[in-house]
J.: 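First, the structure itself, so that you have it in front of you.
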2 protein chains.
Amino acid sequence: MANEMLDHAVRTLRDSGVRMTPQRHAILEYLTAEHTHPTADDIYRALEHRFPNMSVATVYNNLRVFREKGIVEEMNYGDASSRFDFVTTRHYHMICEECGKIVDFNYPVLDDVEAVAAHLTGFKVNRHRLEVYGTCPDCQKNVQ
Amino acid sequence: MANEMLDHAVRTLRDSGVRMTPQRHAILEYLTAEHTHPTADDIYRALEHRFPNMSVATVYNNLRVFREKGIVEEMNYGDASSRFDFVTTRHYHMICEECGKIVDFNYPVLDDVEAVAAHLTGFKVNRHRLEVYGTCPDCQKNVQ
DNA sequence: TAGACTATTTATAAAGATTACAATTTGAGA
DNA sequence: TCTCAAATTGTAATCTTTATAAATAGTCTA
């Protein structure tokens, strides 16, 4: 499963002329293996023991490339760092306002919103973003 | 209209023990008068001629207070600065990916999404955020 | 397989947004 | 008016992300 996703991503990148480097491959591996919506720094720290000379800029460069190719989705949560999510099936995010945890949930794609928005504003619509904010089960316990 | 919104905001703040200062009032005035989704820096620059000694920190401090009281909504668009929107009626945002322009549009509130998300994840839901991204009419012209 | 070309990485500096902090000032109730 | 906590100011610091130039390394072609 994780391997299929990885292979597919590698193929997509190669097909559009992006070279495969060990660092790039490792970042993809990490993104397909983890479902933790990591920040750039999370990724950097997870890989620095395998690539002691790797630069933070490399992580950012690659995440930008992946985003441009539709391999990952970038999310800005508040003023903290961006988080990156490997794009698989269409899903939305539930975000805990206490601890920042992000959980995926499935919901039918909101095509209608896009159509209405396009009609009302005259914009050409590319995509949309929906996030639900609340308190996760763990933090609900801690409050009590 | 703008005055009613302003008065209401001032009352809400006073009622929860927030003091009214000239700077604070001016920021509220600006937010209710403009519908441009300004950044903290926009607000700072718009008011510095009236308050030559005002600090940027004051703008940030107040925007945080307003956000905590539900008076304004903070939006992060990419890696640029946050933008702030005076909360009036429930609406969503259409954002141009070329020039960053933000336009409001109305759509029935997505209560169902919140209910489904709560059920699937076990979170206690507070709110949600929906943004549609695309190209505004002006930028569509420029591309051609 | 070697050579060449260009993409990528690295290392570092720089930019930009936001926050922290301590001293000063000020709003509002008694 | 007095008092005290809240707010403001000015500045430094933090943190994320990008820019840049030199070095390195993929991949294509012969």
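By convention in this document, chain letters (A, B, ...) are assigned in the order of the sequence lines, proteins followed by strands, and residues within each chain are numbered from 1. Only a predicted model underlies this, so the values are computations on that prediction, with no experimental measurement involved.
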J.: Should A/Thr39 be listed as having a side-chain N or O under 4.0 Å from OP1 or OP2 of D/dT16?
T.: no
J.: Can you tell me how far P of C/dG27 sits from CZ of B/Arg24, to the nearest Å?
T.: 11 Å
J.: Rounded to the nearest angstrom, tell me the gap between atom CG in B/Asn62 and atom P in C/dG27.
T.: 13 Å
J.: Compare the minimum distances between each of D/dG26, D/dT9, C/dA11 and the side chain of A/Ser55, then state the nucleotide with the smallest one.
T.: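 Minimum distance to the A/Ser55 side chain belongs to C/dA11.
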J.: Taking the minimum atom-to-atom distance to the side chain of A/Thr58, which one of C/dT9, C/dA28, D/dT27 wins?
T.: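 That would be C/dT9.
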J.: Should A/Asp85 and A/His93 be marked as a side chain to side chain contact (heavy atoms under 4.5 Å, CB included) after you check the CA-CA gap, both sets of side-chain angles, and the distance that decides it?
T.: CA-CA 10 Å; A/Asp85 190 20; A/His93 293 116; 2.9 Å; yes
J.: Which nucleotide, D/dT8, D/dG10, C/dA17, lies nearest any side-chain atom of B/Asn53?
T.: D/dG10
J.: Under 3.5 Å, side chain of A/Thr58 to main-chain N/O of A/Met54, donor-acceptor pair present?
T.: no
J.: Using heavy atoms to find the nearest nucleotide of DNA chain C for A/Val18 and A/Ala57 separately, return the residue whose nucleotide is more 5′.
T.: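 The residue closer to the strand's 5' end, by nearest nucleotide, is A/Val18.
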J.: Given side chains that start at C-beta, do those of A/Leu110 and A/Glu114 come closer than 4.5 Å, heavy atoms only?
T.: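 Heavy-atom side-chain distance check fails, nothing below 4.5 Å.
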J.: In terms of side-chain heavy atoms of A/Arg19, which of C/dA17, D/dA25, C/dG27 is nearest?
T.: D/dA25
J.: Output the rounded distance in Å from CZ (B/Arg67) to C1' (C/dT19).
T.: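 The answer, rounded to whole Å, is 12 Å.
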J.: Is the phosphate of C/dT10 approached by A/Gln23 (side-chain N or O, under 4.0 Å from OP1 or OP2)?
T.: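 The answer is yes; a side-chain N or O of A/Gln23 sits under 4.0 Å from OP1 or OP2.
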J.: Taking only N and O in the side chain of A/Tyr60, is any of them less than 4.0 Å away from OP1 or OP2 of D/dT18?
T.: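 So the side chain of A/Tyr60 is outside the cut-off, no N or O lying under 4.0 Å from OP1 or OP2 of D/dT18.
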J.: Rounded to whole Å, please give me the gap between CG in B/Asp15 and P in C/dA28.
T.: 13 Å
J.: Any side-chain N or O of B/Arg14 less than 4.0 Å from the OP1 or OP2 oxygen of C/dA28?
T.: yes
J.: Out of D/dG26, C/dT10, C/dT18, which nucleotide sits closest to the side chain of A/Pro22?
T.: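 The listed nucleotide nearest to A/Pro22's side chain is D/dG26.
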J.: Start with the C-alpha distance between B/Phe86 and B/Met5, add both sets of side-chain angles, then the distance that settles side chain to side chain contact (heavy atoms under 4.5 Å, CB included), and finish with yes or no.
T.: CA-CA 9 Å; B/Phe86 197 91; B/Met5 283 159 47; 3.6 Å; yes
J.: Rounding to a whole Å, what distance do you find between B/Phe84:CZ and C/dA17:P?
T.: 12 Å
J.: Do the side chains of A/Arg64 and A/Glu74 get nearer than 4.5 Å, heavy atoms only?
T.: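 No, their side chains stay 4.5 Å or more apart.
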J.: Between B/Ala40 and B/Thr21, just flag the one whose closest nucleotide in DNA chain C comes earlier from the 5' side.
T.: B/Ala40
J.: Atom OH of B/Tyr44 and atom P of D/dT11: how far apart are they, to the nearest Å?
T.: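 Answer to the nearest Å: 11 Å.
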J.: Taking CE from B/Met54 and P from D/dG10, how many angstroms apart are they, rounded to a whole number?
T.: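 Nearest whole value for this atom pair: 11 Å.
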J.: Using whole Å, what does the distance between atom C1' of nucleotide D/dA25 and atom CG of A/Asn61 come to?
T.: 15 Å
